[in-house]
2 protein chains.
Amino acid sequence: MDTLLAQPKQTFANLPPEKRESIVRAAVAEFAEQGYQRASLNSIVRRLGISKGSLYQYFDNKEALFLHVFDHFTQQVKRQVRESMAGNSPNDFFVAARQVLLAGIAFIDNHPEYFQVYLKVLFERDVPRREELVARVRLFSLEYFGPLADLAMGQGLLRNDIPVPKVVFILDAMLDRFLQGYAQPYLDGGLALAGMSAARLHEEIDSMVAVLRTGLQPSDIGDK
Amino acid sequence: MDTLLAQPKQTFANLPPEKRESIVRAAVAEFAEQGYQRASLNSIVRRLGISKGSLYQYFDNKEALFLHVFDHFTQQVKRQVRESMAGNSPNDFFVAARQVLLAGIAFIDNHPEYFQVYLKVLFERDVPRREELVARVRLFSLEYFGPLADLAMGQGLLRNDIPVPKVVFILDAMLDRFLQGYAQPYLDGGLALAGMSAARLHEEIDSMVAVLRTGLQPSDIGDK
DNA sequence: CCATAATATGACCAGGCGGTCACATTAGGA
DNA sequence: TCCTAATGTGACCGCCTGGTCATATTATGG
């Protein structure tokens, strides 16, 4: 599960770290812009000012380079989640949701290209090991919300006419789609999420989470 | 707004309808599988058993063919919406939402490839006139929900601490993401929406709309 | 200093692309 | 029947792709 998808060749490991990073950066940029199949190794080496032969000394082929990039991506996600959750593990289901959403926003702000790579993978066919890649990312959310929802349901904090997996789906879907709108401006329904001040964005998030809370809690619990 | 994006050459118009349709079908299939840039005219003519020269007698270039396909797509959407709404114009905001969702499901069932083309356009760059194309489709939903939401808000049927555009966004986002899950199995959070019986699917839709209703209505209105 | 191993290079390959065009085939009216 | 206009065809063009490899360059350590 945590195993790496692909390891670069030894030659790559021998490189000074800043060169390794610049190579990964260039590759991420290319995959973010073009997706997997349209991404061009020629374009990547052009960006880097190195020869194609060199790139093939570092990675077996295009697929290995891509999988290495995706490994970096999941590590960054993990790090961002850990950072955003640091210290406070919320017991309230919807406070947790809010936090995940903020983590997502922070991730897109910090690594917009990585998120584009992910979106491309979602909807492109013939991406190597696509299902596995997608599953790895989606699990971050599902594995996190699942237990929390179980707990909340047990405490009677979620309406019991909707099964837990459905609750998790609704929550996850809403957050996911919000992030799509944040990353892809014409999916924000004209709200201009991307150009918003942090304060306004937090208001949008809060009102959305409030809607989810009211919608998903039992009817006999008072509104906020 | 309703004008066509591109018209084929006269030669195409002179073709017998079934040939025109088979050409569009082949093109849709290719664009659905590969997106715009990766789609191959060679592959399309191979599917059809016609020569490449012929295709260029029908359309000026790849872009014109694609835009013609997209014109067909929007027409199909329009038809599906008209059909699904036939007769009953719901006065209840959330009944309307349910109906839009059902129309979306029906559309994906009837034209899965067209929906894939749309998803590809959403997340691929360098698609000709992408923003315009996306806007055309999204407007179906936004222009429909907007006035309904205005009305509902005026009647005090929506919580007044959330502005109408935000309400429309939340509703639209949830429906949109549900359809993504229906069309792209690993986006359904394990609910297996695609393989579901119609009856079960309707239950899922109903419970989701119920959540939206409870979440979006004023707190002083009783739950359903 | 030199031998050897590690790394860097870019010309080159086969194959695919969108697009063109000279030519072959067919259709229609006189 | 025959001339003309419309339609169909596929070899070909320049360009780009992922990938290879013989060769040049650099590092290393005895």
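Below, chain A is the first sequence line, B the second, and so on; all start at residue 1.
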Among [options], find the nucleotide with the atom closest to the side chain of [X].
| X | options | value |
| --- | --- | --- |
| Asn61(B) | dG18(D), dT9(D), dG19(C) | dG19(C) |
| Arg46(A) | dT17(D), dG19(D), dG10(D) | dT17(D) |
| Ser40(A) | dC17(C), dT17(D), dT9(D) | dT17(D) |
| Asn14(A) | dT7(C), dG19(D), dG8(D) | dT7(C) |
| Ile50(A) | dT9(D), dC17(C), dT9(C) | dT9(C) |
| Tyr56(A) | dC17(C), dG19(D), dT9(C) | dG19(D) |
| Thr11(A) | dG8(D), dT17(D), dT7(C) | dT7(C) |
| Lys62(A) | dC17(C), dG10(C), dG18(D) | dG18(D) |

To the nearest Å, how far apart are [X] [atom1] and [N] [atom2]?
| X | N | atom1 | atom2 | answer |
| --- | --- | --- | --- | --- |
| Lys9(B) | dG8(D) | NZ | P | 12 Å |
| Tyr36(B) | dC17(C) | OH | P | 14 Å |
| Phe59(B) | dG19(C) | CZ | P | 13 Å |
| Leu55(A) | dT17(D) | CG | P | 13 Å |
| Phe66(A) | dG18(D) | CZ | P | 14 Å |
| Asp60(A) | dC21(D) | CG | C1' | 16 Å |
| Gln34(A) | dC16(D) | CD | P | 13 Å |
| Leu41(B) | dC13(D) | CG | P | 20 Å |

With no angle test and no hydrogens, is the base of dG18(C) tied to the side chain of Lys52(B) by a donor-acceptor pair under 3.5 Å?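 Indeed, a donor on one side and an acceptor on the other fall under 3.5 Å apart.
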Do [X] and [Y] have side-chain atoms, one donor and one acceptor, less than 3.5 Å apart?
| X | Y | answer |
| --- | --- | --- |
| Glu30(B) | Ser43(B) | yes |
| Asn14(A) | Gln10(A) | yes |
| Gln34(B) | Gln37(A) | no |
| Arg130(A) | Tyr186(B) | yes |

Please work out if Tyr58(B) contacts a base, only the sugar-phosphate, or nothing of the nucleic acid, heavy-atom cut-off 4.0 Å.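 Tyr58(B): backbone/sugar contact only, no base atoms under 4.0 Å.
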Students often get this wrong, so: under 4.0 angstrom with heavy atoms, is Ser54(B) touching a base, only sugar-phosphate, or nothing?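 Base, at least one base atom sits under 4.0 Å.
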5' priority, DNA chain C, between Gln57(B) and Glu63(B) [closest heavy atom]: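 Counting from the 5' end, the first nearest nucleotide belongs to Glu63(B).
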Is the distance from OP1 or OP2 of dC17(C) to the nearest side-chain N or O of Asn42(B) less than 4.0 Å?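 Answer is yes, contact under 4.0 Å.
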Residues Arg47(B), Glu33(B): salt bridge by 4.0 Å N-O rule: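 Counted as a salt bridge, because a side-chain N and a carboxylate O are separated by less than 4.0 Å.
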Nearest 0.5 Å please: distance from the CZ atom of Arg82(B) over to the NZ atom of Lys78(B).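 One gets 8.0 Å once the value is rounded to the nearest 0.5 Å.
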